[in-house]
Amino acid sequence: MAQSSKHHNLIAVFGDQLSEDIHALRLGDRDKDLILMAEVMDEATYAHHHKKKLAFVFSAMRHFAEKLSADGWTVRYIKLDNPKNTGSLAGEIERALTELKISSLLYTEASEYRVTSELNKWATTFGLTPKILPDDRFIVSKEEFSVWASGRKQLRMEHFYREVRRKTNILMDDGAPVGGKWNFDTENRSRAPNELTFRGPRPVQPDHITQEVLELVERVFPRNIGILTPFSYAVTRNDALQALDDFVKYSLPNFGTYQDAMLEGEAFLFHSVLSQYINFGLLQPLEVCLAAEAAWRSGEAPINSVEGFIRQIIGWREFIRGIYWIKMPGYTDNNFLDATRSLPNFYWDGNTEMSCLRAAISQTLEHSYAHHIQRLMVTGNFAMLAGINPVEVHHWYLSVYADALEWVEAPNVIGMSQFADGGVFATKPYAASGNYINKMSNHCADCRFNVKIKTGDGACPFNSLYWDFIQRNTEKLTGNARLGNVYRTWSKMSAEKQNAYIDTAGDFLDKL
Ligand code: FAD
Ligand code: SF4
């Protein structure tokens, strides 16, 4: 390997580490070290990424590199269409080390197993021992989570969440949860009336860097899914901070009450639309939670909203990341329910007569966004009921959402939504008939199917698919205590009724 350079360390900064506070930059020396950032084909193509997701990541990376240069760092930035680009992170690291004669490599650990193992393999072959620093943007380290999880019979988010509340002292007064309880979820299940108005995420006008990226994405990835323009996501920390301010001021007060609601034509409702900014480093999870807590302490937002929002971040987000790392590798291959059907084409174009699915998928194609209940109870629920192969479902979610990185997507899909891990952390499958969707949305009013009809022509497909799912998986699920009532109801049904459900579901699935 080449020796002696004017640069001390090569600091590799990956596309989801766009924070000046990232561990490797805190330790680096801006006078002596050189930063490498690279847009590489391997990362752009390991999933069939939505065009908006690609544009968001590349533009945010380019803006971040500019900021670092302005702050006095030396940055080597390799664009996707640079003719010398090797197409892989390892390739670009090796090229930089060799061309610049640097012998020491430093980076913050990669967030995904795939990248971690690729870099480890490369370093061994190259004969280098990089200095790899833990990603301390997370509140709970991998090791802490592993200690918490070891020896527990059940991994429950709620137990973990309480410990993180104590650790961070968020929404705590004198060691006790504010408002006298840990969780206000029972107040967070209202249907949204049609007359509500929503501010939605604060739009950002694309600047010349984003314009250049939009042109690149259209040119290099013309066949990828999704609508590229108008593009209005934040791509800098400043704009992401403004999006956070806007959310806290205008949407957080109603976030909790309507957290599970869905409305035709409304993609965002009172959701924050901050996940991609948090996941890619523009915002820190803790600062987002502190901003929400401050709104409660100053009386600007009620406790059910603020606690509900904070739980998603210091509870679910941290928990999901912990699960990923204790279960990888192999977690994404789980198929507990032996689901083998192919993902229907309408997941890629939204062309279905089922209004709820059409709404969730169309807005996904438009914005690279859907909120949690759409992901869990519409697209996820349908895929599980229909017995779609979880690997294909996993690939779809990883592709279509701007916030999708495997560490957060996979446990949400394989575990929470598809129950393909057999219940590592979900107490039962999130399976529901059309009744749930009708209760939480207005989609059914405008659907070619009738949610009140259970079987036969015109019946809502979720109704028969639900019972078909229950029946099909009797052997695997009948022992689940939380499904006891469901199986009792099924067994009390007449054979004629049971057969009507199974036949209706069978007819529907044959035509999928
Ligand atoms: P809000 O509703 O405003 O919630 C606030 C924040 O809480 C989010 O920004 C996010 O950071 C965090 N959060 C909420 N729920 C979760 C969760 N279950 N896991 C992790 N963080 C959570 N989230 C991703 O960030 N990337 C994914 O690829 C992803 N895939 C998902 C797939 C499925 C099947 C399901 C059911 C959920 C998935 N989620 C994923 C979690 C959640 O749906 C999104 O974080 C959320 O919809 C993002 O929108 P928002 O920022 O408006 O969130
Ligand atoms: Fe969805 Fe069924 Fe309602 Fe149609 S009737 S919107 S398919 S739940």
Side-chain angles (χ1 to χ4, degrees), residues 47 53 157 200-201 243-244 247 251-252 255-256 258-260 262 264 267-280 283 285 288-289 292 305 308-321 323-324 352-360 367-384 393-394 396-418 425-426 430 432-453 458-466 508:
K53 178 183 184 185
M157 195 288 294
L244 169 62
F247 164 71
S251 299
L252 179 62
F255 171 85
Y258 301 114
Q259 193 180 343
D260 290 358
M262 295 171 278
E264 194 70 30
F268 308 109
L269 289 91
F270 296 112
H271 290 272
S272 69
V273 199
L274 295 176
S275 49
Q276 71 263 45
Y277 307 145
I278 306 174
N279 295 350
F280 285 84
L283 295 175
V288 171
C289 294
S305 282
F309 179 73
I310 287 174
R311 177 163 21 94
Q312 307 309 313
I313 298 177
I314 64 170
W316 277 113
R317 187 173 182 276
E318 293 283 327
F319 179 78
I320 285 289
R321 192 248 187 175
I323 295 284
Y324 178 75
T352 165
E353 290 180 310
M354 290 175 277
S355 291
C356 53
L357 278 157
R358 190 175 57 230
H367 303 293
S368 196
Y369 176 86
H371 71 68
H372 187 69
I373 292 300
Q374 292 175 303
R375 298 189 204 195
L376 185 63
M377 301 310 293
V378 180
T379 43
N381 182 25
F382 181 85
M384 182 174 66
V393 183
H394 159 57
W396 184 79
Y397 279 97
L398 195 54
S399 302
V400 299
Y401 292 114
D403 59 17
L405 291 163
E406 193 184 79
W407 68 263
V408 54
E409 173 275 338
N412 270 301
V413 172
I414 298 291
M416 191 186 303
S417 140
Q418 300 302 296
F425 63 94
Y430 280 93
S433 68
N435 202 20
Y436 175 85
I437 295 170
N438 191 33
K439 199 170 97 195
M440 296 315 302
S441 79
N442 61 359
H443 294 310
C444 303
D446 169 36
C447 186
R448 117 117 168 87
F449 299 100
N450 188 331
V451 72
K452 304 279 180 213
I453 303 180
C460 164
F462 281 86
N463 293 338
S464 58
L465 288 177
Y466 175 79
F508 176 84

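Indexing begins at 1, ligand by ligand and atom by atom, following the structure's order. In this chain, numbering begins with 1 at the start of the sequence shown. Only this structure's heavy atoms are used, side chains among them; waters, hydrogens and symmetry mates stay out.
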| request: Could you walk me through whether Ile437 and Val451 pass side-chain contact (heavy atoms from CB on, under 4.5 Å), step by step? | output: CA-CA 9 Å; Ile437 295 170; Val451 72; over 6 Å; no

| query | Stepwise, does the side-chain contact (heavy atoms from CB on, under 4.5 Å) test hold for Arg311 with Met157? | reply | CA-CA 10 Å; Arg311 177 163 21 94; Met157 195 288 294; 3.8 Å; yes

| request: List the steps, then state whether side-chain contact (heavy atoms from CB on, under 4.5 Å) holds for Asn279 with Trp407. | output: CA-CA 10 Å; Asn279 295 350; Trp407 68 263; 3.9 Å; yes

| field | Stepwise salt bridge (charged side-chain N to carboxylate O under 4.0 Å, His left out) check, Asp403 with Arg375 | value | CA-CA 13 Å; Asp403 59 17; Arg375 298 189 204 195; 2.9 Å; yes

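Nearest protein heavy-atom neighbour of atom 30 (N) of ligand 1: Arg375 NH1, 3.4 Å. At the shortest separation from atom 13 (N) of ligand 1 among protein heavy atoms lies Gln312 O, 3.5 Å. The closest protein non-hydrogen atom to atom 19 (N) of ligand 1 is Asn412 ND2, 3.1 Å. Given atom 45 (O) of ligand 1, the protein heavy atom at minimum distance is Ser275 CB, 3.9 Å. The nearest heavy-atom contact from the protein to atom 2 (O) of ligand 1 is His271 ND1, 2.7 Å. Closest protein heavy atom to atom 16 (C) of ligand 1: Trp316 CB, 4.0 Å.
Heavy atoms from both the backbone and the side chain of Ala404 come within less than 4.0 Å of ligand 1. In His371, the part holding a heavy atom less than 4.0 Å from any atom of ligand 1 is the backbone. At a 4.0 Å heavy-atom cut-off, ligand 1 does not touch Tyr401 at all. Of all the heavy atoms of Leu398, none lies under 4.0 Å from any atom of ligand 1, so neither backbone nor side chain is involved. Looking at Tyr369 against ligand 1, only its side chain comes within 4.0 Å, counting heavy atoms. Residue Phe268 does not touch ligand 1, judged by heavy-atom distances below 4.0 Å. Contacts of Ala370 with ligand 1, taken as heavy-atom pairs under 4.0 Å, involve the backbone alone.
Tested against His271 for a ring-ring contact (aromatic ring centres under 6.0 Å, His included), the candidates Tyr258, Phe255, Phe309 yield a single pass: Phe255.
No more than 12 heavy-atom neighbours from other residues, nucleotides or ligands sit within 6.0 angstrom of CG on Asn435. A 6.0 Å sphere centred on OH of Tyr430 holds no more than 12 heavy atoms belonging to other residues, nucleotides or ligands.
Put simply, the side chain of Glu406 reaches to within 4.5 Å of the side chain of Tyr324, judged on heavy atoms. Within the 4.5 Å cutoff, the side chain of Cys356 has no heavy atoms near those of the Phe382 side chain. Between Asn438 and Lys452 the shortest side-chain heavy-atom distance falls below 4.5 Å. At least one side-chain heavy atom of Met262 sits less than 4.5 Å from a side-chain heavy atom of His371. Residues Met377 and Tyr436 are in side-chain contact: their nearest non-hydrogen atoms beyond the backbone lie under 4.5 Å apart. Gln276 places none of its side-chain heavy atoms less than 4.5 Å from the side chain of Lys53.
Here the side chain of Asn412 pairs no donor or acceptor atom with the backbone of Ser417 at under 3.5 angstrom. A donor-acceptor contact shorter than 3.5 Å is absent between the side chain of Ser251 and the backbone of Phe270.
Here is the list of ligand 1 atoms found below 4.0 Å of a heavy atom in Phe255: 1 (P), 2 (O), 3 (O). Interface of Phe309 with ligand 1, defined as ligand atoms under 4.0 Å from a residue heavy atom, comprises 3 (O), 5 (C). Numbered from 1 in the order shown, with element, the atoms of ligand 1 that lie under 4.0 Å from a heavy atom of Ser272 read 1 (P), 3 (O), 5 (C), 9 (O), 50 (P), 51 (O), 52 (O), 53 (O). Ligand 1 places these atoms under 4.0 Å from at least one heavy atom of Asn279: 24 (C), 25 (O), 26 (N). Ligand-side atoms of ligand 1 in range of Val273: 50 (P), 51 (O), 52 (O), range being under 4.0 angstrom from any heavy atom. Every atom of ligand 1 is numbered from 1 in the order shown, and the set under 4.0 Å from a heavy atom of Val413 is 32 (C), 34 (C).
One finds the SG atom of Cys460 at 11.0 Å from the CZ atom of Arg448 (value rounded to the nearest 0.5 Å). Considering CD of Gln418 and NE2 of His394, their distance stands at 11.5 Å, rounded to 0.5 Å.
Of all the listed residues (Leu274, Ile313, Leu376), Ile313 holds the heavy atom that lies closest to atom 6 (C) of ligand 1. Looking at Val408, Val378, Ile373, it is Val408 that brings a heavy atom closest to atom 24 (C) of ligand 1. Between Ile323, Asp403, Val400, Val393, it is Asp403 that holds the heavy atom closest to atom 44 (C) of ligand 1. Residue His372 holds the heavy atom nearest to atom 43 (O) of ligand 1 of all those in Arg317, Gln259, His372.
The count of protein N, O or S atoms under 2.8 Å from atom 4 (Fe) of ligand 2 stands at 1, with waters excluded from the count.
Between Tyr369 and Phe268, the ring-plane angle classifies as tilted under the 30° and 60° cut-offs.
Under the 4.0 angstrom criterion for non-hydrogen atoms, Phe247 is not in contact with ligand 1.
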